[in-house]
Amino acid sequence: MREINFDSLVVKERVETVHDSKLQVLSFVGQINQNNSYAISDNINAFFESGVFDTILDLSNLVYINSIGLASILAIIKKTQEHSARLVIG
């Protein structure tokens, strides 16, 4: 498991194999706000360094998100779509 740290937020990344396919789980812990949302958007590629684009976004430990933060989530969604990957938000 790898952790990517931002102000007020940690994104925990792990890659799993399910039915011979790899997928990544991105778990967001903390808040996405105006202090970190631009840094998240600027570092979208860091979430996909493993080369795995099928993604589960685990937002169950995200305690706050504003409209700017939602744009960061949309950037992740767009990145998966660019690679014709599957995405689940939970």
Side-chain angles (χ1 to χ4, degrees):
M1 181 182 302
R2 181 173 76 123
E3 291 187 357
I4 304 169
N5 293 290
F6 299 96
D7 182 40
S8 304
L9 179 73
V10 175
V11 179
K12 298 179 181 179
E13 175 196 29
R14 69 180 191 275
V15 175
E16 298 185 2
T17 302
V18 178
H19 301 293
D20 296 326
S21 295
K22 290 192 176 195
L23 63 89
Q24 73 170 341
V25 179
L26 296 175
S27 300
F28 288 72
V29 181
Q31 354 178 0
I32 302 177
N33 56 41
Q34 64 189 29
N35 296 328
N36 61 18
S37 60
Y38 294 111
I40 294 166
S41 295
D42 289 344
N43 291 288
I44 291 295
N45 290 331
F47 298 127
F48 300 100
E49 286 179 353
S50 65
V52 177
F53 291 91
D54 287 335
T55 303
I56 296 173
L57 291 180
D58 175 6
L59 305 180
S60 62
N61 290 307
L62 187 63
V63 295
Y64 176 81
I65 186 169
N66 63 11
S67 58
I68 297 170
L70 186 57
S72 299
I73 297 295
L74 292 174
I76 294 170
I77 293 168
K78 183 179 177 183
K79 188 70 165 180
T80 60
Q81 290 175 338
E82 289 172 1
H83 292 272
S84 301
R86 296 171 288 182
L87 176 85
V88 175
I89 299 175

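Fair warning: this is a prediction, and the values are worked out from it, not measured in the lab.
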If Ile, Leu, Val, Met, Phe, Trp and Tyr residues are connected whenever their side-chain heavy atoms lie under 4.5 Å apart, and connections chain through other members, are Val63 and Ile40 in the same group? no
For the residue pair Ser50 and Glu13, establish whether any side-chain heavy-atom pair is separated by less than 4.5 Å. yes
Could you check whether any side-chain heavy atom of Ile77 comes within less than 4.5 Å of a side-chain heavy atom of Ile89, counting everything from C-beta outward? yes
Between the CD atom in Gln31 and the CG atom in Leu62, the distance rounded to the nearest 0.5 Å is 8.5 Å
Is there a continuous path of hydrophobic side-chain contacts, each under 4.5 Å between heavy atoms, that joins Val25 to Val11? no
Report the relative orientation of the aromatic rings in Phe28 and Phe47; use parallel for angles under 30°, tilted for 30 to 60°, perpendicular for over 60°. tilted
Looking only at heavy atoms, which two atoms of Ala46 and Ile4 are closest? And how far apart? O-CD1, 4.0 Å
When every non-hydrogen atom of Ser72 is compared with those of Ser37, the smallest separation belongs to OG-O, 3.0 Å
Would you say the side chain of Lys79 lies within less than 4.5 Å of the side chain of Asn45, judging by non-hydrogen atoms? yes
Phe6 side chain reached by Ile32 side chain, heavy atoms, under 4.5 Å: no
Might you confirm whether atom CD of Glu82 has over 12 heavy atoms from other residues, nucleotides or ligands at distances under 6.0 Å? yes
Counting only heavy atoms not in Arg2, do more than 12 sit closer than 6.0 Å to its CZ atom? yes
Under 3.5 Å, side chain of Asp7 to main-chain N/O of Asn36, donor-acceptor pair present? no
How many angstroms lie between CD1 in Ile68 and CG in Asn33, if you round to the nearest 0.5 Å? 9.0 Å
For residues Val52 and Lys22, report the shortest heavy-atom separation together with the two atoms involved. CG1-O, 3.6 Å
Can you check whether Lys78's main-chain N or O pairs, donor with acceptor, with Thr80's side chain at less than 3.5 Å? no
May I ask you to test the Ile73-Leu59 pair for a side-chain heavy-atom distance under 4.5 Å? yes
Answer yes if Phe53 and Leu74 sit in the same cluster of Ile, Leu, Val, Met, Phe, Trp and Tyr residues linked by side chain heavy atoms under 4.5 Å apart, and no otherwise. yes
Straight-line distance of Met1 CE to Arg14 CZ, nearest 0.5 Å: 5.5 Å
Distance (rounded to the nearest 0.5 Å) between Leu23 CG and Thr55 OG1: 8.0 Å
Minimum heavy-atom distance Asn66-Tyr64, with the two atoms named: CB-OH, 3.5 Å
Answer yes if Leu57 and Val10 sit in the same cluster of Ile, Leu, Val, Met, Phe, Trp and Tyr residues linked by side chain heavy atoms under 4.5 Å apart, and no otherwise. no
Transitively linked via ILVMFWY side-chain contacts under 4.5 Å: Phe48 with Leu87? yes
